2 protein chains.
Amino acid sequence: MSNKPNLEKYEPLAEACKALSHPARLAILQRLAEQGTCICGEIVDVMPLSQASVSQHLKVLKQAGLITGTIEGPRTCYCIDTKAIARLRKSTEALFGKLESCC
Amino acid sequence: MSNKPNLEKYEPLAEACKALSHPARLAILQRLAEQGTCICGEIVDVMPLSQASVSQHLKVLKQAGLITGTIEGPRTCYCIDTKAIARLRKSTEALFGKLESCC
DNA sequence: TAGCTTAATCGTATATCGACGATGAACGAT
DNA sequence: ATCGTTCATCGTCGATATACGATTAAGCTA
């Protein structure tokens, strides 16, 4: 029995952290939260990035499961997935709890 | 006055998340926490990575301020910086708090 | 001093990220 | 049908990340 930690075990959290590891994506999440209601490509107007780049970041957040995107006619409406955020919050709290109890 | 969010504002948290965004680094942190006391290159024996790679990950964690490394004779002793973890925990909690109050 | 251990760094190769212009696809309006 | 709007995707490019063998540096021991 090897006691090498199974790195796969840490992949979900690592993936989530990766999704949060870009200032633009944090700004997008914050914006979505502030709007309360879902907003769309209006994010593009507000971000200092091209439409393509914003779309790319939205895709990353969506693939990470942190936001949902629903097509509404010609536009797409993005919204924070609060359940997913709550789960991630629990995971990070569990991690930090362990780490803080060290030393 | 533009209402474009200042992305620089999000950089510190993004940087911290980046440091957490690799399974090996999460495993190292966990290991450091479990040991309670500081450990050294024994991490290398335990991780499924080369000594060079582990050293690289330790460097990333150290540069992110999440761990400290002190040289003790021929070895280096790494330890979780609980204060830094606590600060990061606060930051993420603040973020998640805002995000969860959405929709 | 010579040899061993430990760990950082170098050099290299590959993969992924991030940005953006250009293009395409879907839809609504005329 | 044609146009305009909205947004996703493609293709490309430079930068960064990751892994690892090889080397170096530092310290201990004999």
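Just so it is clear: chains get the letters A, B, ... in the order the sequence lines come, proteins before strands, and each one is counted from 1. Worth saying up front: this structure is predicted, and the values here are computed from it rather than measured.
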K.L.:
Give a yes or no on whether a salt bridge exists between A/R75 and A/E42, defined as a side-chain N under 4.0 angstrom from a carboxylate O.
P.N.:
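No, this pair does not count.
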K.L.:
Roughly, in whole Å, what's the span from CG in B/L26 to P in D/dT18?
P.N.:
12 Å
K.L.:
Could you give the CD-to-P distance, from B/E11 to D/dT16, as a whole number of Å?
P.N.:
13 Å
K.L.:
Do any N or O atoms from the side chain of A/S55 and from the backbone of A/A52 form a donor-acceptor pair under 3.5 angstrom?
P.N.:
no
K.L.:
Rounded to the nearest 0.5 Å, what separates atom CD in A/E100 from atom NZ in B/K83?
P.N.:
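Interatomic distance, A/E100 CD to B/K83 NZ, rounded to 0.5 Å: 11.0 Å.
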K.L.:
Nearest to the side chain of A/R75, which nucleotide is it out of D/dT18, C/dG18, D/dT6?
P.N.:
D/dT6
K.L.:
Quickly work out the A/L49 CG to D/dC7 P distance and round it to whole Å.
P.N.:
16 Å
K.L.:
Scan A/I71 against the nucleic acid and name what it touches under 4.0 Å (heavy atoms): base, sugar-phosphate only, or nothing.
P.N.:
nothing
K.L.:
When the distance from CD of B/E72 to C1' of D/dA26 is rounded to whole Å, what number comes out?
P.N.:
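Roughly 15 Å, once rounded to whole Å.
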K.L.:
Has the side chain of B/R25 got a donor or acceptor atom that lies under 3.5 Å from a matching backbone atom of B/K18?
P.N.:
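Looks like yes, one N/O pair under 3.5 Å.
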K.L.:
Tell me which one of B/L32, B/T70, B/L61, B/T68 satisfies side-chain contact (heavy atoms from CB on, under 4.5 Å) with B/Y78.
P.N.:
B/L32
K.L.:
Between A/G73 and A/A24, which is nearer to the 5' end of DNA chain C once each is assigned its nearest nucleotide?
P.N.:
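The 5'-side residue here is A/A24.
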K.L.:
To the nearest Å, how far apart are B/H57 NE2 and C/dA7 P?
P.N.:
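It works out to 17 Å between those atoms.
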K.L.:
In whole Å, I'd like the distance from the CD atom of B/Q63 to the C1' atom of D/dT18.
P.N.:
15 Å
K.L.:
Rounded to the Å, how far apart are A/E42 CD and D/dC7 C1'?
P.N.:
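From A/E42 CD to D/dC7 C1': 14 Å.
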K.L.:
Taking the side chain of A/K18 as its heavy atoms from C-beta onward, which of C/dC17, D/dA19, C/dC20 lies nearest to it?
P.N.:
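From the listed options, C/dC17 comes nearest.
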K.L.:
For the residue pair B/G65 and B/A84, what are the closest heavy atoms and their distance?
P.N.:
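Closest pair (atom of B/G65, atom of B/A84, distance): O-CB, 3.2 Å.
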K.L.:
State the CG-CG distance between B/L95 and A/L29, to the nearest 0.5 angstrom.
P.N.:
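So the gap between those two atoms works out to 7.0 Å.
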K.L.:
Using atom CG of B/L61 as one end and atom C1' of C/dA7 as the other, report the distance to the nearest whole Å.
P.N.:
16 Å
K.L.:
Are there any protein N/O atoms within less than 3.5 Å of an N/O atom in nucleotides 8-13 of chain C, and if so, which ones and at what distance?
P.N.:
unit_1, atom_1, unit_2, atom_2, d
C/dA8, OP1, B/T76, OG1, 3.4
C/dA8, OP1, B/Y78, OH, 2.3
C/dA8, OP2, B/S55, OG, 2.7
C/dA8, N7, B/Q51, NE2, 2.8
C/dA8, N6, B/Q51, OE1, 3.0

